[in-house]
Amino acid sequence: DGNIITIPVVVHVIYSNANENISDAQILSQIKVLNDDFRRLNTDADNVWSQAADTEIQFCLATIDPNGNATNGITRKASSRTSWGTNDDMKKASQGGVNPWDTSQYLNMWVCNIGGGILGYAQFPGGSAATDGVVMGPNYFGSKNEGSGFYLSAPFDEGRTTTHEVGHFLNLRHIWGDANCGNDFVSDTPTHQTSNAGCPTGRVSCGSADMVQNYMDYTNDACMNLFTTGQKNRMRAVLETGGVRRSL
Ligand code: ARG
Ligand code: ZN
Ligand code: CA
């Protein structure tokens with residue numbers, strides 16, 4: 001394409017203690033990881049899979065808020081609520097959360113403790129505007145490789161949860177298609193029997209080698225390092241002319 005798309009991001013931090021009120025530096029470390037991963041500038045990129053791609057999608061913290069005022073692209077709210085679940089309460093001021101900024105103009109990210117061992121979750125394209133965006137736990141948002149003193153939990157401390165959730169936000173399915181040898185609607189990713197965890201080697205399922213390094217598997221952050229050309233095309237389709245996220 002040679003046509004780079006930049007998506008403005010707003011990060012809404014909702015915290016019940018000082019750890020959860022992650023620093024601006026930790027937030028910036030996550031934006032750095034997103035840009036490195038989506039542009040294939042990540043230092044752990046390797047040549048194992050020839051279909052690995054630079055998606056030509058990048059991200060920046062918003063500099064103008066919905067009222068036209070200058071912003072650093074970060075909102076912060078203290079709350080007595082210690083876990084938020086996955087019912088989208090964090091996206092609703094009426095439930096103690098923070099309403100999204102215009103979802104046709106910004107990628108909204110909420111950072112709050114979800115609980116239940118859930119690292120993050122996302123809404124696919126085409127859902128309700130009022131709940132559009134991605135949610136990550138504070139201890140999975142940012143990377144230990146891009147600063148120090150951050151509130152992060154290994155082995156999900158290199159920012160790949162957000163890379164994965166933004167993949168969903170841009171229409172990517174899990175690589176195993178959420179079924180036994182299921183379909184992820186991407187032809188250059190191998191079929192997987194199920195999700196992989198940790199960082200397995202020599203894993204073969206559904207007749208060929210698993211791509212455990214794909215951001216849309218469930219492996220550890222340190223194991224992941226690519227999106228494919230097919231995934232790039234699927235993501236860009238929702239951003240380009242006729243796509244449901246074209247206004248971003
Ligand atoms: N469980 C989450 C989801 O399905 C995120 C998994 C992220 N994995 C990681 N290695 N950070 O959306
Ligand atoms: Zn997922
Ligand atoms: Ca596939």
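For ligands, and for the atoms within them, numbers begin at 1 and follow the listed sequence. In this text the structure is predicted, and so the values were computed from the model without any measurement. Numbering of residues begins at 1 and proceeds along the displayed sequence.
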**Request:** Answer yes or no on whether Arg234 is positioned over the face of Phe227, meaning its NZ or CZ is under 6.0 Å from the six-membered ring centre and within 45° of the axis.
**Result:** no
**Complete:** Output for pair (Thr6 OG1, Ile4 CD1), nearest 0.5 Å, gives 7.0 Å
**Request:** Select one of side chain, backbone, both or neither to describe which atoms of Ile118 lie under 4.0 Å from any atom of ligand 1, heavy atoms only.
**Result:** neither
**Request:** Could you tell me which atoms of ligand 1, counted from 1 in the order shown, lie closer than 4.0 angstrom to a heavy atom of Arg160?
**Result:** 11 (N)
**Request:** Have a look at ligand 1 and work out which part of Leu119, if any, has a heavy atom under 4.0 Å from it: side chain, backbone, both or neither.
**Result:** side chain
**Asked** When you look at His174 and His164, which way does the ring pair (Phe, Tyr, Trp, His ring centres under 6.0 Å) test go after all the steps?
**Response** CA-CA 9 Å; His174 288 136; His164 175 111; 5.1 Å; yes
**Item:** Where ligand 1 meets Met224 - atom numbers and elements under 4.0 angstrom, heavy-atom basis
**Value:** 9 (C), 10 (N)
**Rounded distance (nearest 0.5 Å) linking atom CG of Asp36 with atom OG1 of Thr43** = 7.5 Å
**Message:** If you take the nearest heavy atom of each of Val135, Asn220, Thr219, which one is closest to atom 10 (N) of ligand 1?
**Reply:** Thr219
**Prompt:** Between Val135 and Glu165, is any pair of side-chain heavy atoms under 4.5 Å apart?
**Reply:** no
**Prompt:** Among His174, His168, Glu165, whose heavy atom sits nearest atom 2 (C) of ligand 1?
**Reply:** Glu165
**Item:** Metal site angle (apex the Zn ion (ligand 2)), NE2 from His164 and NE2 from His174, 10 degrees
**Value:** 110°
**Asked** Backbone, side chain, both or neither: what part of Tyr218 comes under 4.0 angstrom of ligand 1, heavy atoms only?
**Response** side chain
**Asked** Name of the Asp184 N, O or S atom nearest the Ca ion (ligand 3)?
**Response** OD1
**Message:** Within this structure, what is the OH-CG distance for the pair Tyr15 and Asn21, rounded to the nearest 0.5 Å?
**Reply:** 4.5 Å
**Fill in**
Exactly one of Thr55, Asp188, Asn214 clears side-chain hydrogen bond (donor to acceptor under 3.5 Å, both in side chains) with Gln231, and that residue is Asn214
**Complete:** Value for CD (Glu146) from CD (Glu158), rounded to nearest 0.5 Å, stands at 9.5 Å
**Enumerated ligand 1 atoms positioned under 4.0 Å from heavy atoms of Gly120** = 2 (C), 3 (C), 12 (O)
**Message:** To the nearest 0.5 Å, what is the distance between CD on Gln30 and CG on Asn35?
**Reply:** 10.0 Å
**Request:** Go through ligand 1 atom by atom and flag the ones less than 4.0 Å from a non-hydrogen atom of Asp221.
**Result:** 9 (C), 10 (N), 11 (N)
**N, O or S from Thr189 under 3.0 Å to the Ca ion (ligand 3)** = yes
**Prompt:** Does Pro190 put an N, O or S atom under 3.0 Å from the Ca ion (ligand 3)?
**Reply:** no
**Message:** Quick check on contacts: which atoms of ligand 1 are under 4.0 angstrom from a heavy atom of Thr161?
**Reply:** 7 (C), 9 (C), 11 (N)
